[in-house]
Amino acid sequence: MNAAIRFLNDLRRIGGASRDLNAVFDERLTVGERLADRVAAVGGSWGFIIGFGVFLGAWAVLNTVVLAAHAFDPFPFIFLNLMLSMLAALQAPIIMMSQNRQAAKDRLEARMDYETNLRAEAQIEELHAKIDSLHAEIARLVEVRAPR
């Protein structure tokens, strides 16, 4: 018996023939990983980019036009640069954590695809064996019934 058929039999024995990838992966997520996914989803959206662009524009207008003589962060906006640097320093590793988790999910998906392919291969081999057996049985019956 080849490895694919053994693998299929093992899967039948342990009951692991089909699993939902998202359910399997989401069971193992920690609170930090869920938070990282949400931060990456928000930080990587057009809504965030547009909203942040509006915020930056408003900051510049407020500090150069509206509060011109009494600006709390006059041009070249040193305080704004500090805040942006701190935001980037925090946001970048969080987004990288989310990307690492997505890469792990992709590896799990590849593994599950591989297992599915093995199961399909084993089932096809079983069907071939059954068909070969039926052909042999038909040939034997034809031989027995053939006049001599």
Side-chain angles (χ1 to χ4, degrees), residues 1-64 72-73 75-148:
M1 190 162 46
N2 75 23
I5 292 175
R6 282 192 305 264
F7 177 76
L8 182 61
N9 290 335
D10 289 343
L11 280 176
R12 286 182 184 150
R13 184 174 38 79
I14 63 174
S18 64
R19 297 173 283 176
D20 178 17
L21 170 69
N22 292 318
V24 168
F25 201 79
D26 289 345
E27 289 172 358
R28 301 184 304 193
L29 287 181
T30 65
V31 174
E33 289 170 331
R34 290 179 200 276
L35 181 62
D37 286 346
R38 289 179 193 248
V39 168
V42 170
S45 68
W46 278 110
F48 177 81
I49 293 169
I50 291 169
F52 206 68
V54 168
F55 169 77
L56 293 175
W59 183 283
V61 168
L62 181 67
N63 281 288
T64 55
F72 59 90
D73 187 23
F75 184 80
F77 311 121
I78 295 171
F79 182 61
L80 177 63
N81 282 321
L82 173 66
M83 289 181 15
L84 291 175
S85 296
M86 289 173 27
L87 176 67
L90 291 173
Q91 192 178 24
I94 291 172
I95 290 172
M96 288 175 65
M97 286 185 335
S98 180
Q99 289 174 335
N100 289 340
R101 191 203 53 74
Q102 184 61 44
K105 186 175 183 180
D106 291 344
R107 285 190 299 274
L108 177 62
E109 182 177 17
R111 177 64 187 178
M112 291 178 76
D113 286 346
Y114 175 72
E115 290 174 3
T116 299
N117 290 341
L118 281 179
R119 282 193 305 275
E121 181 181 340
Q123 290 170 345
I124 290 169
E125 287 181 16
E126 281 184 38
L127 289 173
H128 278 293
K130 288 178 183 178
I131 290 173
D132 290 344
S133 174
L134 287 172
H135 279 294
E137 184 66 21
I138 290 170
R140 188 187 66 77
L141 289 173
V142 167
E143 188 178 302
V144 168
R145 293 197 179 232
R148 292 188 183 178

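All values below were derived from every heavy atom in this structure, side-chain atoms included, with hydrogens, water molecules and symmetry-related copies excluded. Please read all numbers here as calculations on a predicted model, not as lab measurements.
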Supply the atom-to-atom distance [X] [atom1] to [Y] [atom2], rounded to the nearest 0.5 angstrom.
{"X": "Ile138", "Y": "Glu143", "atom1": "CD1", "atom2": "CD", "result": "14.0 Å"}
{"X": "His135", "Y": "His128", "atom1": "NE2", "atom2": "NE2", "result": "10.5 Å"}
{"X": "Leu62", "Y": "Phe55", "atom1": "CG", "atom2": "CZ", "result": "9.5 Å"}
{"X": "Asn100", "Y": "Ile95", "atom1": "CG", "atom2": "CD1", "result": "12.0 Å"}
{"X": "Leu29", "Y": "Glu27", "atom1": "CG", "atom2": "CD", "result": "10.0 Å"}

Could you list the residues that satisfy side-chain contact (heavy atoms from CB on, under 4.5 Å) with [X], not counting sequence neighbours?
{"X": "Arg145", "value": "none"}
{"X": "Arg28", "value": "Phe25, Leu108"}
{"X": "Asn117", "value": "none"}

**OP:** List in chain and number order the residues that pass side chain to side chain donor-acceptor pair (under 3.5 Å) with Asp106, two or more places apart in sequence or in another chain; answer none if no residue qualifies.
**Re:**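 Asp106: side chain to side chain donor-acceptor pair (under 3.5 Å) contacts with Gln102.
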Subject >> Glu109: side chain to side chain donor-acceptor pair (under 3.5 Å) partners, not counting sequence neighbours >> reply: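 Counting only residues at least two positions away or on another chain, Glu109 forms no side chain to side chain donor-acceptor pair (under 3.5 Å).
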Original post:
Which pairs count as side chain to side chain donor-acceptor pair (under 3.5 Å) when at least one residue sits in residues 86-96, sequence neighbours excluded?
Top reply: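 Listed once each, the pairs would be none.
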**OP:** Mind jotting down which residue pairs meet the side chain to side chain donor-acceptor pair (under 3.5 Å) criterion with at least one end in residues 37-58? Sequence neighbours excluded, please.
**Re:** Asp37-Ser98, Asp37-Arg101
Please tabulate, for side-chain N and O atoms in residues 80-87, each donor-acceptor pair with protein atoms closer than 3.5 Å (sequence neighbours left out).
unit_1, atom_1, unit_2, atom_2, d
Asn81, ND2, Pro76, O, 3.3
Asn81, ND2, Phe77, O, 3.2
Ser85, OG, Asn81, O, 2.9

Original post:
Which residues satisfy the ring-ring contact (aromatic ring centres under 6.0 Å, His included) test with Phe48, sequence neighbours excluded?
Top reply: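 With neighbours one apart ignored, the set is Phe52.
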Original post:
Restricting to pairs with a member in residues 41-54, which pass salt bridge (charged side-chain N to carboxylate O under 4.0 Å, His left out), not counting sequence neighbours?
Top reply: none
Subject >> Any pair counted as salt bridge (charged side-chain N to carboxylate O under 4.0 Å, His left out), so long as it reaches residues 77-94, sequence neighbours left out >> reply: none
Is the backbone N or O of [Y] less than 3.5 Å from a side-chain atom of [X], with the two atoms forming a donor-acceptor pair by type?
{"X": "Asp73", "Y": "Asn63", "result": "no"}
{"X": "Ser133", "Y": "Ala129", "result": "no"}
{"X": "Gln123", "Y": "Ala120", "result": "no"}

Subject >> For Arg140, all residues meeting salt bridge (Lys or Arg N to Asp or Glu O under 4.0 Å), sequence neighbours excluded >> reply: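 Once residues adjacent in sequence are excluded, the partners of Arg140 under the salt bridge (Lys or Arg N to Asp or Glu O under 4.0 Å) criterion are Glu137.
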